[in-house]
There are 2 protein chains.
Amino acid sequence: MGGVDHRKGPRRRGDELNQAIFTAALEELVEVGYQRLTMERVAERARTSKASLYRRWAGRPELMMDAVIHAFPTVGELPDTGELRADLFAALRTMADALNSPLGQAVRSVLAEVAIDQKAMLRHRERFVERRNQLMLDLVRRAAARGQVRPGALTPRVAAVGPALMRDHFLTHGGPITDEVVAEIVDEVLVPLLRA
Amino acid sequence: MGGVDHRKGPRRRGDELNQAIFTAALEELVEVGYQRLTMERVAERARTSKASLYRRWAGRPELMMDAVIHAFPTVGELPDTGELRADLFAALRTMADALNSPLGQAVRSVLAEVAIDQKAMLRHRERFVERRNQLMLDLVRRAAARGQVRPGALTPRVAAVGPALMRDHFLTHGGPITDEVVAEIVDEVLVPLLRA
DNA sequence: AGGATAGAAAACGCTTCGTTCTCTATGGGG
DNA sequence: CCCCATAGAGAACGAAGCGTTTTCTATCCT
């Protein structure tokens, strides 16, 4: 027969339990890093059973991906200073703040997963890449309407350069993305590219 | 006492054994992917003992990083067509060919590791990032000497844009990097950025 | 109340890890 | 040739984590 009921608290159901699991997953991530993060310990920390985790997610990659989506629900607002450079700086600075936060670790786990598993990227690219590219395209489009951008600059490829450089910097350098780095990307790359 | 000696071939030593281990690691990587790659199976495939692996490498991340370095020994040659666009295209095309090769999987394992472990990036950035950036800087410098580049374009940040965009594309999109993508990066981003 | 479902705990067999131990092939030196 | 030191190969070990299954029952809904 089954064991004695040793439960330590009331059962949670549905979204309430999801929330607790995400919280536990992100805490565990910050505490031990992605490499040493295990389903077993997430379940423990969330005070739920592994079976409950596996009911929802096929495995660690899927859980962590959803935990990150939960941690970073939105891309942010479209800056509107009326000035190209300031808008660019503000947009990339917002991105840097997110990456520099304690939960930047969570972003690293996503990058690791999509590096390993191309299909994970296909599933989540809209969420992690295209939305931010769209925001940049809107920003550039607005600057174009103000006559601040050269005609050929209004392409998705050009709009994607800023976020791509930020992601690559985050991946290829340790530590936080400083304002100096953001300014360099804006002043040496984006402004010359967009203005000409 | 110890078991019977079931060995199936002569012992190898030093570099010869390293070579066999790298070969086994990369084959295993291509066959089962990075997520399911284990030290145990690499040792088996290389017909060596796990202890020999652990003598050389602290764990899987370190082994795979060295295996990749072994697989991609050089960055390639500096293109010299006399024409900016053609040089850019050739340089990035070479990078795409490497990433598109069967061993592009190996590059993915590196990207995953450096995403997870910032210290791994610090240790290997010269190898994986700065050398290619230096090659691009040399390319741009030569184009500048030919009068084909605007004065403010001669910075490490600008030189690094091409490779960064290639890496990011590789990470954020599935499948191979096509000539169309390379051409788009060159024509929509790099040429306008460098010429102005 | 009754019924269905999902949650919590325990247990299981398997795989892999990282380490240790034993035997000895191998290389180098005299 | 011999001797010595070292590293390689194979086996074994205990621990950890995996993914699954089972049992009991809290919880929700009608």
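Quick caveat, the model's predicted, so the values are computed rather than measured. The chains referred to below are lettered A, B, ... by the order of the sequence lines, with proteins before strands, and numbering in each begins at 1.
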Between the protein and nucleotides 4-6 of chain C, list the N/O to N/O atom pairs that are separated by less than 3.5 angstrom.
from   : atom 1 : to       : atom 2 : distance (Å)
dT5(C) : O2     : Arg13(A) : NH2    : 3.2
dA6(C) : O4'    : Arg13(A) : NH1    : 3.1

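In this entry the distance linking CD of Glu44(B) with C1' of dC17(C) reads 14 Å, nearest Å. Nucleotide dA11(D) holds its C1' atom 18 Å from the CZ atom of Arg47(B), rounded to whole Å. The nearest whole Å value for the distance from the CD1 atom in Ile21(B) to the P atom in dA7(D) is 14 Å.
Annotation: ring-ring contact (aromatic ring centres under 6.0 Å, His included) contacts of Tyr34(B) (sequence neighbours excluded): none. With sequence neighbours excluded, the residues forming a salt bridge (Lys or Arg N to Asp or Glu O under 4.0 Å) with Asp87(A) are Arg146(A), listed by chain and number. Qualifying side-chain hydrogen bond (donor to acceptor under 3.5 Å, both in side chains) partners for Thr178(B), counting only residues two or more places apart in sequence or in other chains: none. The salt bridge (Lys or Arg N to Asp or Glu O under 4.0 Å) test applied to Glu62(A) returns no partner, not counting sequence neighbours. With sequence neighbours excluded, the residues satisfying salt bridge (Lys or Arg N to Asp or Glu O under 4.0 Å) with Glu130(A) are Arg125(A).
Axis orientation changes by 30° from one end of the helix from dA1(C)-dT30(D) to dG30(C)-dC1(D) to the other, with each end axis drawn from 5 pairs and the value rounded to 10°.
Listed by first and then second residue, the salt bridge (charged side-chain N to carboxylate O under 4.0 Å, His left out) pairs that reach into residues 171-182 of chain B are Arg93(B)-Asp179(B), sequence neighbours excluded. Annotation: ring-ring contact (aromatic ring centres under 6.0 Å, His included) contacts involving residues 147-184 of chain A, sequence neighbours excluded, comprise His169(A)-His173(A). Among pairs with a residue in residues 66-101 of chain B, those fulfilling ring-ring contact (aromatic ring centres under 6.0 Å, His included) read Phe22(B)-His70(B), at least two apart in sequence or across chains. Applying the salt bridge (charged side-chain N to carboxylate O under 4.0 Å, His left out) test to residues at least two apart or on different chains, the pairs with a partner in residues 24-45 of chain B are Glu27(B)-Arg45(B), Glu28(B)-Arg41(B), Glu28(B)-Arg45(B), Glu31(B)-Arg45(B), Glu40(B)-Lys50(B).
By the 4.0 Å N-to-carboxylate-O rule, Arg150(B) lies too far from Glu188(A) to be salt-bridged with it.
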>> Can you build the contact string for nucleotides 14-20 of chain D? Use B for base contact, S for sugar-phosphate-only contact, and - for no protein heavy atom under 4.0 Å.
In response: ---BBBB

